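Okay, so here's the structure we're looking at.
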Amino acid sequence: MAGCRPGAPGSEQAWLEVAQAFIQETLCPPGKEPDVQLAQLVIDCVKTTWLSQGTSQGLTLPLSYSFVSVKDLRTHQRLPCCSHLSWSSTVYQAWAQEAGPRGVPLPRERLLLLGTLTDLSGNLEQECRNGSLYIRDNTGALDCELIDLDLSWLGHLFLFPSWSYLPSLMKSPGEGHVELWGTPVPVFPLTISPGPLTPIPVVYPEMASRLLRYRSKHRNVQPNLAGNLIRFSALVKSQKKAYFVLFLGGSSPAGTQVSVIVQVPAQLVWHRALCPGRAYVLTELRVSKLPGHRYRVWMTSTSSQLLPLKPECVRELELELAGVPLEADPQSLPRPSSPQDKKRPGPDCLVRDSILLSYTGMVTDTLNQPAGLYELDRKLELCLAYQQFRGLRRVVRPGVRLELQDVHLLQSVGGGTRRPILAPCLRGAVLLRGFSHQVPETQFSHQVPQASLYEQLVWEHQLGLPIYLWATKALEDLACKLCPHVLRYHQFLKYSSPGDPSLGLQILAPILEVLIPPGCPGRNTHSEILEEPHHCPLQKYTQLQTPCFFPTLAFLKEEAKRRAWASFDPKTLLPLPEASHLPSWQLNQRLAWSWQCLLPSAFRPAPVLLGILVPSSRKGCLQLRDQSGSLSCLLLAQPLQPLTDPRLIGCLVRADRFQLVIERNVRSSFPSWKELSTTDFIQKKQARVYVQFLLADALILSVPRPVLHSATSSTPPRTEPSPPEGPHIEQSRLFLLSHKEALMKRNFSVPPSASSEVPQPTLSFHVLGRWLGGTQRKEGTGWGPAEPKEDENSDQKVLLLFLGSSVRWFEFLHPGHVYRLVASGPPTLMLFEEGGSSCVSQHPLELAGCASCLTVQDEWTVELASSQDIPEVLGIRPTLPESSLTDLLSGNFADSLVSFSAEIVSHLWMKPGSSGAVRRCVKLTVALETADYKFPPHLDVYIEDPHLPPPLGLLPGARVYFHQLEKRVSRSHNVYCCFRSSTCVQVLHFPPDTTVSAPLPHIYLAELLQGDKAPFRATASCHVVSVFSLHLLWVCAHCTSICPQGRCPRQSPACPTQTSVSQASIRLLVEDGTAEAVVTCRNHQVAAVLGLCPSEWTSLLEFVRGPGKVALQFTGPGAQLEVRCGWEVGAQISIFLGAWLEA
Ligand SMILES: [Zn+2]
Ligand SMILES: [Zn+2]
């Protein structure tokens, strides 16, 4: 603190000289002769106060203290502090202890503060008064707070022996305030005004109330009103007028009350001096009518005074009242009925009444300072938002004692708030009963000082308390997600105006629209204070069901994983009848991949997805980001329409309809189905979490750009050295994209001189396209004419190579769309031409045939061409090329690259060595979409390295377009497809939200005979005509060799387990009236075909396990057992049946 400290201790003379200079400069009327008398009075005053503390250590002057002017305090004191001239160290220590275990006590400075106590702010000429108090000296005025103001102090010079100073929490200096502890010491003795010579004539409330209602001959009399102060309202400040209302009553509490409106600016400071329970005289009142109200009220006149009531100084004025009442008593007026009253509360919307009470307590915590939420006495919450509490906000912090008059108590408001809440409306005042000893918390210092958005929610959007509390929590969560890296707090919480909406409000708007009934009447401040019965927004409330929450992306991801693994149950994934026949490798393969889709409705309350959309420069995929992390996402503009516009990058996306997908990968070694409940056989689990939704269902909000940039780079942007060639220009060229290849790691030939290191495969992709016109230059805000091409006949085909951070454009580039490639920098000739600087000189053979081949530089950008950029010939919507089904399913190889769209039926991960797979791969079974076939043909698509893990979204039920898959034919003449580097996959439809699968189509057997049918799935109802063969055997669960006598015959090495599983197959002839067919059934289907119940089936299989004979005899109508059962040890059993069976 830069003060005027004395030099050596004991140098009283020096201290006195400094003091006199200070007094002359800051306290004497400016421009006058030095006032020796004033200086002496001030020093005497300081001396007396200093000596009163008792431990002055023999010093007659407080030499360790220095004088401080208002200006010095405002400009130099940056930290909160306190100063107590009259306190000994012991008193201060005791005082500091009261800051509590959690609070930091205000540090003590040794400063002497003097000044005039006044309610005049700014310059003296304007006489601007609004009820605030100030300390003034020649250097300026400083806001101050005082607990028990005596109106006679105003305008007098005081020494403030004990005070604390709280600088503004915001960066701007000069907004701090002083909290005055204890009574100020007057420099000049205050003159006690003598009582009036004659008693003042007064009326009491009973008569005052009647005067309002009756015509009187004393109409022009401005009566004086005497009475006990029952209560007084909050100070209401509207655009132009500030006022408050006080209520005087008789000596008995049940007697008549009369309200007086105080709105003369010079009288607003009374609000700080009033004390309920004391008796006052208000002089020279007048009767006035309130605009918009029928009845008349008392108001103070400009000459009114507030005096303490002394019975010996007043006499009652006798007035005669005549005639009929002018109007009914305002207190018995029927209240205009509100729509809320007419609505009878239904069972699900229980309207509760809050309780009005008075409460005195201490603030123990700050819950949300900008929103006006505090904790009281560790058990209650306090919401000050329904009052205009800007003045209180700077004072209220843990340690402050408050008296709340006529405050509403609300319980069980819901929406996540559990404790009871006290909320004052305008009816009752909030009185300061004690200042805090603590240093304010700094956690809210970065937030808006006025917290405009919170005020807007209460005063403009008319939120009831339960919704307001929920909204403040939601805004707090949102601020945690987005501030300060994406947005600054003041941007997020700023006042929302039509042209400049607040992002916070935009995010909440869809929910608030649902929660707030339209046409809510605004608050009428006069009615809220004056009317009986009382009516205000806090009077009635309904418990709020928390509508939704805004989880961080990290939470959502963790919660998704937690739920996916909690619900992972091998026994559910592999139902028993089927699982019991599976050998070990098959069992584990079936468990290797599974997925779960969580919808918002799976959570309570429902989560709303929110994040900034960013493409990853490292992985190429799209991500949503917030401060907690990122979440991969798969987006469609709408069904069938991919995302094409890169302007979405950096936008804030809010979605309440989405699918949270968890793909689970498990490495397990379950020996057989019997061990499925033992988790010890799971060696490794991994989960891939992502979210998929339609942008059409989401709210896209643009985020102020400069902030986004400053957030991404922590260092301030340096000014780039200007290029020697001249100014930067932007160049661009349009191209029509015809094909996009897979995003995968590729090898690139590097010039030998470039690097001696072994080149690593780089994540990259190519697109093939055609230039539309020549290079254009930026002219103003648009693009100039295209440069003429050197050779009109030259091939316009182009291959663009995206590697490095350019892979971020992958998700936005789709065949059939026109894009603009934009580069800025020094003007380079032939930037986008063959032979230009970006040209790849040697590209792989497979890419040959393109006139030019460009590597897209990291700093180049891609834009979606606007409609006027696109030549008319291209005005057709892009269609996805599809191979004909005959090409696709026939065994000829005329075109081995095929394209089609299909619905994914199953998704299976296969390990090498299992079922013929040579390498690790994923097998997708897809149902082709075609209008030509009644039964969609099924096809297997294999994905191998380097395309693993597969792209996002290849989920059962999803519709996907596969472009340029390689067609292959197996040894058994089955057609299947494989991914290759030119393959491009595009999800067209997400899986449906409901898992109810459509039933398979029905087929008649005769239809099977018509033509060449591709593999498909259907159901047929038929009779079993005869059974050709039935095979039952037991195999080793590990090596699948046949187990004679129930144990594996393999010796060296022996199988690790001795578990065996049964296998069954049956071949039978069926007919359905249209044709006959031979059917082969396996395993659990055999039991169904034979009509055996599970116990019969199990015992049959058990009989087969040991040596002996098994005969199966059917006794149903028409059944005849024809053949015996042959049995040899070690051989498989065959039962030949020739029987009519009812299927
Ligand atoms: Zn109220
Ligand atoms: Zn074995």
Side-chain angles (χ1 to χ4, degrees), residues 230-236 244-245 247 259 331 335-336 338 340-341 351-359 372 382-389 403-411 413 420-431 458-459 462-466 468-469 520-542 581-588 669-675 913-914 1033-1063 1105 1130 1132:
I230 308 292
R231 63 186 174 93
F232 60 104
S233 79
L235 189 59
V236 181
F244 71 95
V245 183
F247 296 81
S259 49
Q331 292 176 5
R335 187 153 48 94
S338 65
Q340 243 181 338
D341 296 337
V351 178
R352 297 158 188 254
D353 283 304
S354 62
I355 303 164
L356 268 183
L357 48 83
S358 291
Y359 186 89
L382 170 67
C383 173
L384 294 177
Y386 290 82
Q387 280 204 344
Q388 292 159 323
F389 72 112
E403 183 180 335
L404 308 160
Q405 295 189 312
D406 276 355
V407 64
H408 292 271
L409 173 72
L410 293 86
Q411 285 172 297
V413 294
I421 295 148
L422 287 176
C425 64
L426 296 174
R427 176 186 163 100
V430 176
L431 306 178
V458 169
W459 294 93
Q462 307 284 343
L463 295 196
L465 186 72
Y468 177 73
L469 292 177
C520 256
R523 284 170 79 177
N524 182 323
T525 54
H526 279 123
S527 312
E528 195 170 311
I529 296 169
L530 288 168
E531 265 177 16
E532 288 293 341
H534 176 59
H535 186 65
C536 79
L538 299 165
Q539 186 67 23
K540 290 188 183 294
Y541 63 101
T542 44
H581 298 287
L582 294 177
S584 178
W585 67 266
Q586 235 174 351
L587 205 66
N588 292 309
S669 60
F670 289 103
S672 76
W673 61 278
K674 288 177 190 156
E675 291 84 8
S914 61
L1033 63 151
W1034 287 81
V1035 297
C1036 169
H1038 181 75
C1039 69
T1040 66
S1041 37
I1042 294 167
C1043 295
Q1045 310 210 19
R1047 50 178 54 244
C1048 177
R1050 244 172 60 163
Q1051 287 302 322
S1052 46
C1055 283
T1057 63
Q1058 283 301 321
T1059 319
S1060 51
V1061 289
S1062 58
Q1063 306 269 282
R1105 199 198 274 263
Q1132 63 190 53

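Computed from a prediction, not measured in an experiment: that's the story for all the values here. For ligands, and for the atoms within them, numbers begin at 1 and follow the listed sequence.
C1055 lies close to the Zn ion (ligand 2), since one of its N, O or S atoms is found at a distance under 2.8 Å. Residue H1038: no N/O/S atom is found under 2.8 Å from the Zn ion (ligand 2). In summary, no N, O or S atom of H535 is located under 2.8 Å from the Zn ion (ligand 1).
The SG atom of C1048 and the SG atom of C1036 meet at the Zn ion (ligand 2) at an angle of about 110°, given to 10°. Put simply, the angle at the Zn ion (ligand 1) from NE2 in H534 to NE2 in H408 is close to 110°, to the nearest 10°.
Using a 4.5 Å cut-off on side-chain heavy atoms (C-beta onward), H581 and W673 make no contact.
Residues K540 and D353 share a closest heavy-atom pair of NZ-OD1, 2.8 Å.
Expressed to the nearest 0.5 Å, how far CD of Q1063 lies from CG of L1033 amounts to 6.0 Å. Atoms CG and CG, on L409 and L538 in that order, are 11.0 Å from each other to the nearest 0.5 Å.
For R427 and E528, the salt-bridge test fails: no basic side-chain N is under 4.0 Å from an acidic carboxylate O.
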